[in-house]
Amino acid sequence: MGDSGLNVFFENFLKKESLFLEKKVLQNSFIPEKLPHREEQINQLAHILAPALKQERPSNVFIYGMTGTGKTVTVRYTTQELHKVATGRNIPLEIIYINCKINRTADTEYRLIAELSISLGRMVPPTGLPTKEIYTHFKAALANKGKNIIIILDEIDHLLTKAGDNTLYNLLRINDENLSNHVSIIGISNDLNLIEAIDPRVKSSLSQEEMIFPTYNALQLQDILRQRIESSFKGGAVEPGVIEKCAALAAREHGDARRALDLLRVSGELAERANAGTISIPFLDEADDKIDRDRFTELVSTQPTQQQLALYTILSIQPRSHSIFTGEVYTLYKSYCSKAGLRPLTQRRISDILGEFDMLGFINAKIISKGRYGRMREISLSLPPSLIPRIKQQLAEQLHL
DNA sequence: AGTCCACAGGAAGGGCAGGCGA
DNA sequence: TCGCCTGCCCTTCCTGTGGACT
């Protein structure tokens with residue numbers, strides 16, 4: 001495309017009518033005015049938090065549910081409403097939301113406490129101080145506020161794996177020594193197993209109240225989609241049948257509302273790019289592919305070199321249909337290392353990396369015993385098969401293999 | 001009943017980078 | 001600028017273990 005060609009393209013781009021009214025309605029940070037099929041949970045949470053309005057300390061809450069079951073949005077919605085009422089009546093109330101997964105803001109004890117202190121308006125260095133010191137800052141910041149404070153720890157399972165339950169234990173104990181204000185904690189997690197494994201003292205304290213969010217079924221997802229479509233797309237932009245299919249695709253993945261909204265948004269973008277006047281089912285299918293593809297290629301390309309090499313090793317074994325075990329991966333990994341001119345990591349480390357891959361959803365690792373012939377991980381790929389050649393290719397290029 | 005394989009995964013610590021105060 | 005602290009990645013050394021084999 002020459003200069004003038006580009007020019008025409010941009011001009012046309014501007015002239016083109018968008019299918020979207022407000023795209024942000026489909027983003028998962030958006031908090032709608034109504035949350036269909038979550039009335040009960042909102043109600044329950046409201047009951048738990050209401051004492052804050054009377055300057056009493058609400059119970060800690062532990063919320064569990066799969067991804068896309070509306071945990072975060074329900075909590076944000078409810079606390080937002082609570083905050084509105086409190087502000088209207090001059091009741092001191094502070095609500096801090098922290099996603100323990102984003103930007104590594106809270107994957108260590110230090111960073112979490114630093115982040116909390118900053119949220120309370122106290123500047124602290126992002127690293128460098130002894131952990132004890134940072135608690136002193138945090139307590140000082142709390143003392144300044146002298147009111148009810150609700151801390152929302154989203155993806156708290158991430159905090160637990162990274163920082164350990166000691167962090168949470170220390171945080172939960174803040175109330176014991178600090179009388180001028182009340183700290184309540186809302187923990188949100190999508191991994192129930194992990195919570196079962198934590199220190200019982202932490203568990204009982206954190207889950208004074210427990211809420212479990214059920215997954216949405218296809219019909220409920222349809223309601224959610226209809227509600228969002230109303231304000232996100234122009235009238236008639238979405239063809240009949242798209243909502244139903246979109247809900248069905250998302251319901252296939254344990255009723256994930258986030259997935260449903262992403263699907264709709266991406267198919268809208270694809271339709272726009274193709275100059276189609278409406279969103280039809282083929283765009284939806286394309287979006288379904290694209291979302292998987294983007295998620296994994298992004299994840300793979302941002303892995304450190306050694307991790308990439310380990311993944312490449314697994315991918316290159318995979319075409320053979322027999323199951324793969326740790327030993328085979330490690331042996332082959334070492335040979336690829338010499339090929340790529342890298343010093344191989346120890347088996348111990350690779351073992352951990354395989355564990356990370358399991359967590360990331362690249363592989364499915366199961367520990368099995370072959371009796372006399374040892375105990376090891378049985379590895380199968382959980383990447384979408386259609387993506388494997390593409391990812392392998394991408395890794396080969398990045399690793400110069 | 002006991003052995004022993006081939007790892008899993010815990011504990012401790014080394015080395016390094018980034019950020020701090022002095 | 002230096003020494004110091006911490007988190008992170010990694011190694012070393014270690015103990016634990018399900019079940020086929022003897």
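Quick note on labels: first sequence line is chain A, next is B, and so on, each numbered from 1.
- Distances shown here put every side-chain N or O of A:S369 at or beyond 4.0 Å from the OP1 or OP2 atom of B:dC7.
- The stretch residues 370-378 of chain A comes close to DNA chain B through A:G371, A:R372, A:Y373, A:G374, A:R375, A:M376, A:R377, each having a heavy atom under 4.0 Å from the strand.
- Atom pair A:L354:CG and C:dC10:P shows a separation of 13 Å (rounding to whole Å applied).
- The main-chain N or O of A:S18 is found under 3.5 Å from a side-chain atom of A:K234 such that the two form a donor-acceptor pair.
- Rounded to a whole Å, the CZ atom of A:R343 is 8 Å from the C1' atom of C:dC10.
- When the C1' atom of B:dC5 is taken as reference, atom CD of A:Q347 falls 13 Å away, rounded to whole Å.
- Between A:I353 atom CD1 and C:dC8 atom P the separation is 16 Å, expressed in whole Å.
- In this structure, the side chain of A:K71 does not engage the main chain of A:I212 through any donor-acceptor pair within 3.5 Å.
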Compile the donor-acceptor pairs under 3.5 Å between side chains in residues 282-294 of chain A and protein atoms, sequence neighbours left out, one pair per line.
residue: A:D285; atom: OD1; partner: A:K245; partner atom: NZ; Å: 2.8
residue: A:D288; atom: OD1; partner: A:R259; partner atom: NH2; Å: 2.9
residue: A:D288; atom: OD2; partner: A:R252; partner atom: NH2; Å: 3.4
residue: A:K290; atom: NZ; partner: A:D294; partner atom: OD2; Å: 2.9
residue: A:D292; atom: OD1; partner: A:R259; partner atom: NH1; Å: 3.4

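- Here the closest non-hydrogen pair linking A:T79 and A:R76 is OG1-O, 3.2 Å.
- A:Q347 places no side-chain N or O within 3.5 Å of a backbone atom of A:Y330 that could act as its donor or acceptor partner.
- Note: CG (A:L345) to P (B:dG9) measures 18 Å, nearest angstrom.
- Between the side chain of A:R228 and the backbone N or O of A:V25 there is at least one donor-acceptor pair closer than 3.5 Å.
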Identify the pairs formed between an N or O of the protein and an N or O of nucleotides 12-14 of chain C at a distance under 3.5 Å, and give each distance.
none

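- Atoms NZ (A:K366) and P (B:dA6) sit 21 Å apart, rounded to a whole Å.
- Put simply, the side chain of A:R377 gets close to the backbone of A:S351: a donor and an acceptor are under 3.5 Å apart.
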Take A:F20 and A:F233 through the ring-ring contact (aromatic ring centres under 6.0 Å, His included) test and state the conclusion after the steps.
CA-CA 4 Å; A:F20 291 98; A:F233 286 106; 4.8 Å; yes

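- The CD atom of A:Q303 sits 11 Å away from the P atom of C:dC9 (whole-angstrom rounding).
- A 6.0 Å sphere centred on CD of A:E230 holds no more than 12 heavy atoms belonging to other residues, nucleotides or ligands.
- Separating the CD atom of A:Q307 from the P atom of C:dC9 is a distance of 8 Å, rounded to the nearest angstrom.
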